[in-house]
Amino acid sequence: MSNETASAKRHVHVACAIIERDGLVLSALRKASANLPLKWEFPGGKLEPGEELEECLRRELIEEMGVEIAVGRPLTPATHSYENLTVTLYPFVCSITAGEIVLYEHTAITWLPPATLHELDWAEADFPIIAEYQQSVLAQPAA
Ligand SMILES: Nc1nc2c([nH]c(=O)n2[C@H]2C[C@H](O)[C@@H](COP(=O)(O)OP(=O)(O)OP(=O)(O)O)O2)c(=O)[nH]1
């Protein structure tokens with residue numbers, strides 16, 4: 001049997017951080033040389049064996065951006081099948097508690113108001129997460 005059958009497709013579990021600061025949200029641009037090149041994503045990465053999602057996210061943010069985060073409310077996990085890979089994303093709303101961002105993995109970052117997040121060229125797995133996040137934030141009464 002070929003290795004390219006649907007059943008052979010790798011499935012990865014990825015925690016990702018919707019980082020809020022002063023009413024804006026951080027998005028990060030993947031490298032041109034990466035899988036899903038030059039797509040926007042939320043920082044984070046693959047869950048390691050035995051690791052909790054929140055622990056994974058705190059580790060990834062130190063590794064990718066050199067910052068410590070507080071992990072807040074979870075959003076609904078989203079599963080998407082790319083051509084060669086199935087990804088389940090576990091999103092959490094987060095904030096930076098220590099450190100200044102240094103880009104160890106990404107090409108760029110940007111801070112946007114929630115309402116305009118969808119205008120970037122996102123990795124497809126993020127579409128439902130962005131929609132849910134926008135709905136949750138924009139539904140809140142003004143302070
Ligand atoms: N961190 C993150 N990954 C995402 C998002 N959306 C999305 O489809 N992904 C995909 C891209 C990758 O295939 C996978 C995350 O894996 P990763 O960040 O640990 O690994 P990578 O592909 O950048 O690099 P590698 O370690 O596999 O070489 O999930 C997102 O919003 N954030």
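Bear in mind the structure is a predicted one, so any value in this text is a computation, not a measurement. When a ligand or atom number is given, it counts from 1 through the structure's own listing order.
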### Task
Please identify each residue that fulfils salt bridge (charged side-chain N to carboxylate O under 4.0 Å, His left out) with D22, with sequence neighbours left out.
none
Table please: side-chain donor-acceptor pairs of residues 58-67 below 3.5 Å, with sequence neighbours left out.
| from | atom 1 | to | atom 2 | distance (Å) |
| --- | --- | --- | --- | --- |
| R59 | NE | E51 | OE2 | 2.6 |
| R59 | NH1 | E63 | OE1 | 3.4 |
| R59 | NH1 | E63 | OE2 | 3.3 |
| R59 | NH2 | K46 | O | 3.2 |
| R59 | NH2 | E51 | OE1 | 2.9 |
| R59 | NH2 | E51 | OE2 | 3.4 |
| E64 | OE1 | G44 | N | 3.2 |

### Task
First locate atom CZ of F42, then atom CG of L26, and finally report the distance between them rounded to the nearest 0.5 Å.
9.0 Å
#### Entry: Spatial distance of atom NE2 (H106) from atom OG (S27) [nearest 0.5 Å]
10.0 Å
Check residues 29-40 and write down every donor-acceptor pair under 3.5 Å in which the side-chain atom is one partner and the other belongs to a residue at least two apart or another chain.
| from | atom 1 | to | atom 2 | distance (Å) |
| --- | --- | --- | --- | --- |
| R30 | NE | N35 | O | 2.8 |
| R30 | NE | L36 | O | 3.4 |
| R30 | NH1 | E41 | OE1 | 2.7 |
| R30 | NH2 | N35 | O | 2.8 |
| K39 | NZ | D121 | OD1 | 2.9 |
| K39 | NZ | D121 | OD2 | 3.4 |

### Task
Please answer whether the main-chain N or O of A98 pairs with a side-chain N or O of E68 as donor and acceptor at a distance below 3.5 Å.
no
### Task
With a 4.0 angstrom cut-off on heavy atoms, strictly below it, pick out the residues next to ligand 1 and order them by chain and number.
V14, C16, R30, N35, L36, E41, F42, G44, G45, K46, Y82, L85, V87, L89, A123, A125, D126
